[in-house]
Enquirer: 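Below are the structure tokens for one structure; questions will follow.
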Amino acid sequence: MNDNLLVDSLQQHLEDKRVQKAIEVQSDIRAYLGEFFRKHGFIEVPPVIISPITDPLNHPVLDPSIDYYGMKYGLTKSMIFHKQILAKELGSIFTFSPNIRLETPEKEKTGRHLSEFTQIDVEKRGASREEMMGLVEDLMVGLTQHMNSERASDLKFLRRKLNVPSRPFKKFRFLDAEKEYGKDFESILSGRMKDPFWIIDIPLENREFYDRESDSEPGILEDMDLIYPEGFGEGLSGGEREFLEERIRERIKRKGQSEEQFKWILAYSSKGLAPSAGFGIGIERLTRYICGLQRIEDTHPFPKIPGKLSL
Ligand code: ASP
Ligand code: MG
């Protein structure tokens, strides 16, 4: 793309009233989230942008790193390990964490992938998965009510009718859903459901090593994804965590990953990490769902679309 075209299309994007509304709504979503977690006793901590440890993720992304005084640092893909450390030391924490995930260019088609996005990353010492799911359900009910009352004219402008979900949200066990609806169960269910719902008990091979393996069902994790309805797809991942050094070491091995890459988290766990549970909510995906937008780039002033030039 030549320079003028890039600048023209950025200007057009920023002048688009739908984009302006979405950015305004997102500002309110951020305020609501911050207040919600503070009210529930969570401490806001600053994000970490560069570090020798970050989330390995369970799907292929290109892996950018920077030369940090001769050491190799990665750009944060999620603050999972920093969250575990902070949960141990501080208890309940959250952060608005900028993440860089250089998704493969075909992800552009999904309408829900940005290479640079922000997630509110939340972790609580001693919490169970069920406690965290309850918290998310309260959050979603409260947020949709807030949006319907405080942002009614914006939602009307966006032609968005937002349903307030009722609790508890429906839960599907991963393997049951896969058996009933096939490999594509997540998008099939997302397309059919009218309210957000959970996928729980995700098998080990479908997830990163840090989510805790069930004591009663080996190979199944104590974790969850929140899926938005109406085809909006995944909005949150989370779970209980492995916190014992030997179990973390074993899970790294079973994933075929290198201990060297995760030596810092192993070293920290050898001093004792605490049991914790948490989750991360993509802010742009949440905004897309609340606003009912087709494409995630309309939620961001400077969207980084996988594989495309952008400012
Ligand atoms: N680390 C997860 C992610 O970024 C979120 C979480 O498990 O807290 O997808
Ligand atoms: Mg996820």
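Just so it is clear, the structure is predicted and the values come from calculations on it, not from any experiment. One-based numbering, in listed order, for ligands and for the atoms of each.
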Enquirer: Short list, please: which atoms of ligand 1 are under 4.0 Å from a heavy atom of S78?
Expert: 1 (N), 4 (O)
Enquirer: Between D121 and ligand 1, which residue portion shows a heavy-atom distance shorter than 4.0 Å: side chain, backbone, both, or neither?
Expert: side chain
Enquirer: Centre of F209's six-membered ring, under 6.0 Å away, within 45 degrees of the axis: is that where NZ or CZ of R249 sits?
Expert: no
Enquirer: Do E123 and ligand 1 have an N or O pair less than 3.5 Å apart?
Expert: no
Enquirer: So is N99 polar-close to ligand 1, meaning N/O to N/O under 3.5 Å?
Expert: no
Enquirer: Measure the distance from atom 5 (C) of ligand 1 to every protein heavy atom, then report the residue, atom name and distance (to 0.1 Å) of the closest one.
Expert: S237 O, 3.3 Å
Enquirer: Looking at F302, I'd like to know if the NZ or CZ of K304 sits under 6.0 Å from its six-membered ring centre while staying within 45 degrees of the ring's axis.
Expert: no
Enquirer: In this structure, is the centre-to-centre distance between the rings of F94 and F42 below 6.0 Å?
Expert: no
Enquirer: Would you mind telling me if ligand 1 is within reach of the side chain of K83, the backbone, both or neither, using heavy atoms under 4.0 Å?
Expert: side chain
Enquirer: Can you sort out which atoms of ligand 1 are near G280, meaning under 4.0 Å from one of its heavy atoms?
Expert: 5 (C), 6 (C), 8 (O)
Enquirer: For the atom pair CD (Q119) and CZ (F279), what is the distance rounded to the nearest 0.5 Å?
Expert: 10.5 Å
Enquirer: Say you draw a straight line from CD of E245 to OH of Y268; how long is it, rounded to the nearest 0.5 Å?
Expert: 14.0 Å
Enquirer: Does ligand 1 have a heavy atom under 4.0 Å from the side chain of D55, from its backbone, from both, or from neither?
Expert: side chain
Enquirer: Could you list which atoms of ligand 1 come closer than 4.0 Å to a heavy atom of Y210?
Expert: 1 (N), 2 (C)
Enquirer: Is R288 salt-bridged to E284, going by a charged N under 4.0 Å from an acidic O?
Expert: no
Enquirer: To the closest 0.5 Å, what do you measure between CE (M224) and CE (M132)?
Expert: 7.0 Å
Enquirer: Could you grab the distance from atom CZ of F197 to atom CG of L189, nearest 0.5 Å is fine?
Expert: 4.5 Å
Enquirer: Would a 4.5 Å heavy-atom cut-off, applied to side chains only, mark R129 and L221 as touching?
Expert: no
Enquirer: Tell me, please: is R241 in heavy-atom contact with ligand 1, that is, under 4.0 Å?
Expert: yes
Enquirer: Enumerate the protein N/O/S atoms at a distance below 2.8 Å from the Mg ion (ligand 2), ignoring waters.
Expert: E234 OE2, S237 OG
Enquirer: Which value, rounded to the nearest 0.5 Å, describes the distance between N99 atom CG and I283 atom CD1?
Expert: 10.5 Å
Enquirer: Let me know which of E217, E180, E178 forms a salt bridge (charged side-chain N to carboxylate O under 4.0 Å, His left out) with R173.
Expert: E217
Enquirer: Going by the closest heavy atom to atom 3 (C) of ligand 1, which one wins out of K77, E234, E208, R101?
Expert: R101
Enquirer: Taking only Lys NZ, Arg NE, NH1 and NH2, and the carboxylate oxygens of Asp or Glu, determine whether R251 and D211 approach each other closer than 4.0 Å.
Expert: no
Enquirer: Answer yes or no for G238: is there a heavy-atom contact with ligand 1 below 4.0 Å?
Expert: yes
